[in-house]
Asks: 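Supplied in structure tokens, the structure appears directly below.
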Amino acid sequence: MQDRKSLFLMTPALAWLTAFMVVPCLLILTLAFFRRGVYGGIEYTFTLENLRLVIDPLYAWIFLKSAWIAGLAALIASVIGYAAAFAIAALPRRNQPLVLFFAILPFWSNYLVRTYAWIVLLNREGLIVGLARGLGYEGELPAMLYTETAVVIGLVYNYLPFVILACYAPLSRLNPEIAEASSDLGASGWTTFRRVILPMSFTGLATGFVFVFVLSIGNFVTPALLGGGQFQMVGNLVYAQFLTANDWPFGAAISMVLIAVMMLFLTLQTFVAERGSGGGLR
Amino acid sequence: MKAPASLTLTILVLVFAFLYIPISVLVGLSFNAGGMPTAWTGFSLKWYGSLFQNQDILRAAWNTLIVALVSTFFATLLGTLLAIGVEIRRRRGRMIETLIFAPMVIPDIVLAIALLSFFSLTDFRLGLHTVILSHVVFNLAFVCAVVRARLRVFDWSVAEASADLGASMLVTLWRVMLPVLAPAIIAGALLAFTLSVDEFIIAFFTAGSSRASITLPMQIYSMIRFGITPEINVLAVLVMVFSLVTLTLAQRFNRGSLTGP
């Protein structure tokens, strides 16, 4: 009885999700195995050509490059985010929610706006160059905007609050007596951190890292705006196949590989989380 | 956990500087009389005035409002029912959980191209309505998550009492559960509304090529890419302030559910 009511309540939403999420995603999966038509349409004959093309060095290189940039962004965001979460968790308990709220707040402002803010800061006549000139630096300054560095900065900036949130959860639950016990038994501060605190909060760090990586590798806005079209990431490649090159089957094949890479990382993260929740007290 | 107070303070100051300086610079420059994104030439509100005369921006804002309102309406309705339906179930279906969780983790670009292909191959004409259909997908998942969080601490014996006293399911929903859930539903709706107002990628792919169906984020994107004008700073600031206000409101309605415990 209860389950029938439940089904009745869930049906409209589940139907919506099926029609506008599951079916379109399955469509992408099948599109990848068709040929591109002569005039950009789709020819419905089976082929593995699109998937073979993805591992062609030209395109595999873009994947590797994207993974490198996403990995770098995830690493930097994890280190900064973990440190920030650690610092918040060390505050008096009643102040923590407010500080956390303000650390997350920028995350809720518009992604394009946050990215645009870095164009303002990094451009040739931007604030950072102005600051260097103001401090008396006369020499040649390297271009900052439209570089790989700018893209990494933008990704770190946009996703940092997420890592802070992910790391704060386990850090705030940490029993302070365990760290005290460690130091009472003679461990130095660093050893306590490395051997006790870090392992017990590792799941948060892993979650943060994986999400930044996954969100970054398929990103096309940040490379387009802060990379200035200087180089392509996977997201831009997908974008181009669908909106300019008009090769949907190939675009679908790239997306398929992209989804596979993301799923791999998300599964790894679930694995770490499941182990971590049981292994923290060993 | 003991860490030197000076160390934690230094970390916090640096992180908050990193998070807030770029935004603050933008806000400051939106009042810049000269309109250059770099050289400060005095305080002025004139770009705020000129923004409200820009027809492209006004139309984009209007489109965004329509998309956000309509998609929030459907997402709130469907998301709330979904949340209640999932929570009164005794069995936890792994498939249903995955289905509900998916819209929040699927990368925007994947959902965007999937929807574009779907709409094109099924001969949907692209426009604001296809953006609305698409926005409901992720919005309902977020509403559902917020309402479910509230349902976890809901006292089900109240609903059972209502049923025992002879109320039908709809009456119980409307008279007993809805009043209790209202703050969470409003918070979920505000969250959905904000997400929809800010959403760029899916709108960009599913709005079609007509200039009549450009939303505000699409307008911002094209302004950043093709010719930065002083108005963009103003627009950026207004959009940002708007999201922050709605989310702070959402937070007030539903203490803690948006930033975790």
Asks: Mark yes or no for whether A/W108, through its side chain, and B/L195, through its backbone, hold a donor-acceptor pair below 3.5 Å.
Replies: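 No: the side chain of A/W108 does not pair with the backbone of B/L195.
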Asks: Search all heavy atoms of B/L78 against all heavy atoms of A/P12 and return the closest pair with its distance.
Replies: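 Heavy-atom minimum between the residues: CD2-CB, 3.3 Å.
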Asks: Find the distance between CZ (B/F200) and CZ (A/F220) and round it off to the nearest 0.5 Å.
Replies: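 Separation between the atoms: 4.5 Å.
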Asks: Please state whether the side chain, the backbone, both or neither of B/L99 comes within less than 4.5 Å of a heavy atom of chain A.
Replies: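 Contact with chain A involves both backbone and side-chain atoms of B/L99.
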Asks: Looking at B/L19, is its backbone amide N or carbonyl O close enough to the side chain of A/Y157 to form a donor-acceptor pair, meaning the two atoms are under 3.5 Å apart?
Replies: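 Confirmed, A/Y157 side chain pairs with B/L19 backbone.
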Asks: Please tell me if the side chains of A/L160 and B/F18 come closer than 4.5 Å, counting only heavy atoms from C-beta onward.
Replies: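 In short, these two side chains touch, coming nearer than 4.5 Å.
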Asks: Between B/L116, B/I220, B/I113, which has the largest tally of heavy atom pairs under 4.5 Å with chain A?
Replies: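 Of B/L116, B/I220, B/I113, B/I113 has the most heavy-atom pairs under 4.5 Å with chain A.
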Asks: Quick check for you: to the nearest 0.5 Å, what is the distance between A/S6 atom OG and B/I84 atom CD1?
Replies: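 Those atoms lie 11.0 Å apart.
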Asks: In Å, rounded to the nearest 0.5 Å, how long is the span from CD of B/E199 to CG of A/L112?
Replies: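 CG of A/L112 is found 9.5 Å from CD of B/E199.
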Asks: Measure A/L31 against the heavy atoms of chain B and call it side chain, backbone, both or neither at under 4.5 Å.
Replies: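 The answer is the side chain of A/L31.
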Asks: Give, as side chain, backbone, both or neither, the part of B/S117 having an atom under 4.5 angstrom from any heavy atom of chain A.
Replies: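 Both parts, backbone and side chain.
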Asks: I need the B/L235 CG to A/Y116 OH distance, nearest 0.5 Å.
Replies: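 Going from the CG atom of B/L235 to the OH atom of A/Y116 covers 10.0 Å.
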Asks: Do other residues, nucleotides or ligands put more than 12 heavy atoms under 6.0 Å from the CZ atom of B/F74?
Replies: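 Counting neighbours around CZ of B/F74, 12 or fewer heavy atoms of other residues, nucleotides or ligands fall under 6.0 Å, so no.
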Asks: Is a donor on one side and an acceptor on the other found under 3.5 Å between the side chain of B/S243 and the backbone of A/S109?
Replies: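 No.
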Asks: B/V15 versus chain A, heavy atoms under 4.5 Å apart: side chain, backbone, both or neither?
Replies: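 Only the side chain of B/V15 comes within 4.5 Å of chain A.
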Asks: Need one label for B/L121: side chain, backbone, both or neither, based on atoms under 4.5 Å from any heavy atom in chain A.
Replies: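 Side chain only.
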Asks: B/L133 versus chain A, heavy atoms under 4.5 Å apart: side chain, backbone, both or neither?
Replies: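 Both parts, backbone and side chain.
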Asks: Side chain, backbone, both or neither: which part of B/I88 has a non-hydrogen atom closer than 4.5 Å to chain A?
Replies: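 Looking at B/I88, backbone and side chain both touch chain A.
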Asks: Closer than 3.5 angstrom, by distance alone: can the side chain of B/Y20 be matched with the main-chain N or O of A/A103 as a donor-acceptor pair?
Replies: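 Absent.
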Asks: Once you round to the nearest 0.5 Å, how far does CE of B/M169 lie from CG of A/L9?
Replies: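 So the CE of B/M169 and the CG of A/L9 are separated by 4.5 Å.
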Asks: Angle class for the A/F20/B/F124 ring planes (parallel below 30°, perpendicular above 60°, tilted otherwise)?
Replies: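 If you compare the ring of A/F20 with that of B/F124, the planes turn out perpendicular.
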Asks: At a 4.5 Å cut-off on heavy atoms, which part of B/L77 comes close to chain A: side chain, backbone, both, or neither?
Replies: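 Neither part.
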Asks: As an exercise, state the distance from CG of A/N110 to CE of B/M240, rounded to the nearest 0.5 Å.
Replies: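 Reported value, rounded in 0.5 Å steps: 9.5 Å.
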Asks: Give me the one residue out of B/T8, B/L12, B/I11 that meets side chain to side chain contact (heavy atoms under 4.5 Å, CB included) with A/I88.
Replies: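 Answer after filtering B/T8, B/L12, B/I11: B/L12.
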Asks: Need one label for B/V239: side chain, backbone, both or neither, based on atoms under 4.5 Å from any heavy atom in chain A.
Replies: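 For B/V239, the side chain is the part near chain A, not the backbone.
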